[in-house]
*Asks:* 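I have a structure here, written as structure tokens, and I will follow up with some questions on it.
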Amino acid sequence: MNFNNVRIVLVEPSHPGNIGATARAMKTMGLQRLVLVNPAHFPHLEACARAAGALDVLDNAQIVNSFEAALIGCHWVFGCSARSRGVTATELDPRQAAAKIAEHSDLTEVALIFGRERCGLHNNETDQCNFLVHIPTNPAFASLNLAAAVQVLAYELRMQTHRAATTPSGNVLDLPAPADEMQRFYEHLEQVLLQLEFLNPSNPRHLMRRFRRLFNRAHPDRREINILRGILTAIQQKTDPPVGR
Ligand code: SAH
């Protein structure tokens with residue numbers, strides 16, 4: 001995902017407040033490139049007020065006088081529509097769209113387009129989109145406020161970067177501990193519990209199985225298992241008489 005290659009386009013927004021709220025929605029999620037096609041009122045105090053701290057997004061907004069001008073240089077065009085259009089382009093939900101945008105924006109410019117408050121995008125505009133994006137809603141009341149729709153898409157884009165950042169790093173210590181290490185940990189734990197006489201060998205009451213369930217649910221990594229093993233060893237060293245392993 002390269003946010004520098006993602007532009008948010010508002011087509012003929014009529015309410016300056018929505019432009020400001022869009023800037024805020026974008027900045028909270030890390031987006032900064034706003035393009036406005038023939039805004040009815042801009043710049044405007046109401047836009048600044050609703051932008052809160054996102055005035056830089058407004059200041060850097062690019063104003064163009066046609067839909068086509070907003071798309072110059074874009075290889076991928078995603079149009080957000082409150083109505084399901086069916087025929088013109090493949091329809092995606094926001095999560096699917098965000099995954100595609102994450103992929104394409106690494107290499108090329110991508111536009112994410114939002115329509116007019118009153119009537120959305122015109123057919124000749126959706127015809128220029130590679131994909132249409134529809135936020136699932138109550139079918140009897142499907143239309144979100146413009147800036148709210150921007151927020152949903154911006155959030156999904158953010159989640160894509162978040163997912164990428166939290167996928168396992170490739171460091172073996174971050175991986176869940178392998179089964180044989182888990183097995184050695186359970187044996188060690190059992191040994192210490194017996195030693196402490198917490199576990200009664202003649203009446204174990206499924207205690208070890210319960211511990212397995214508890215630790216398996218937490219899928220500890222190798223570092224964590226090493227810490228637990230270290231604690232068990234420390235207990236053994238303090239126990240009288242000390243029992244070496
Ligand atoms: N009355 C218009 C809705 C306009 S809402 C219509 O029927 O099309 C303004 C813009 O917000 C829409 O053009 C679209 O880009 C976005 N939007 C609102 N609700 C949406 C939804 N459920 N899914 C996708 N985009 C939506």
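Whatever order the structure lists ligands and atoms in, that order sets their numbers, starting from 1. Values below: every heavy atom of this structure, side chains too, minus hydrogens, waters and symmetry copies.
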*Asks:* Can you find a heavy atom in the side chain of Phe42 that is under 4.5 Å from one in the side chain of Leu58?
*Replies:*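 Touching, per the 4.5 Å side-chain cut-off.
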*Asks:* Provide the number and element of each atom of ligand 1 under 4.0 Å from a heavy atom of Phe114.
*Replies:*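 Per the distance check, 15 (O).
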*Asks:* With respect to atom 24 (C) of ligand 1, which of Ser81, Ala149, Gly79 exhibits the smallest heavy-atom separation?
*Replies:* Ser81
*Asks:* Using a strict 4.0 Å cut-off to heavy atoms of His134, name the atoms of ligand 1 that fall inside it.
*Replies:* 22 (N), 23 (N), 24 (C)
*Asks:* Using side-chain heavy atoms (C-beta onward) and a distance below 4.5 Å, is Leu92 in contact with Phe78?
*Replies:*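 Yes, close enough: below the 4.5 Å cut-off.
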*Asks:* Linking Ile, Leu, Val, Met, Phe, Trp and Tyr through side-chain heavy atoms less than 4.5 Å apart, which residues share a cluster with Ile227?
*Replies:*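 Members other than Ile227 - counting any ILVMFWY side chain reachable under 4.5 Å - are Met182, Phe185, Tyr186, Leu189, Val192, Leu193, Leu194, Leu196, Phe198, Leu199, Leu207, Met208, Phe211, Leu214, Phe215, Ile225, Leu228, Ile231, Leu232, Ile235.
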*Asks:* Do other residues, nucleotides or ligands put more than 12 heavy atoms under 6.0 Å from Arg213 CZ?
*Replies:* no
*Asks:* Determine whether a donor-acceptor pair (N or O, by modelled atom type, separation under 3.5 Å) exists between the side chain of Ser105 and the backbone of Asn2.
*Replies:*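 Indeed, once roles are kept as given, a pair shorter than 3.5 Å links the two residues.
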*Asks:* Record the part of Ala148 in heavy-atom contact with ligand 1 below 4.0 Å; permitted values are side chain, backbone, both and neither.
*Replies:*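 Looking at Ala148 and ligand 1, no heavy atom falls under 4.0 Å.
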*Asks:* For His104, what residues pass the ring-ring contact (aromatic ring centres under 6.0 Å, His included) criterion, not counting sequence neighbours?
*Replies:*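 His104: ring-ring contact (aromatic ring centres under 6.0 Å, His included) contacts with Trp76.
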*Asks:* With a cut-off of 6.0 Å (strictly less than), are more than 12 heavy atoms of other residues, nucleotides or ligands near CZ of Arg95?
*Replies:* no
*Asks:* Going by distance only, is there an N or O of Leu146 that falls short of 3.5 Å from an N or O of ligand 1?
*Replies:* no
*Asks:* Specify side chain, backbone, both or neither for Arg83, according to which of its non-hydrogen atoms lie closer than 4.0 Å to ligand 1.
*Replies:* side chain
*Asks:* Could you tell me, atom by atom, which parts of ligand 1 come under 4.0 Å of a heavy atom of Arg118?
*Replies:*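 Reading through ligand 1 atom by atom, the close ones are 1 (N), 2 (C).
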*Asks:* Just to be sure I read this right, does ligand 1 sit under 4.0 Å from the backbone of Val133, its side chain, both, or neither, counting only heavy atoms?
*Replies:* backbone
*Asks:* Is Ile113 in polar range of ligand 1, meaning some N or O pair under 3.5 Å apart?
*Replies:* no
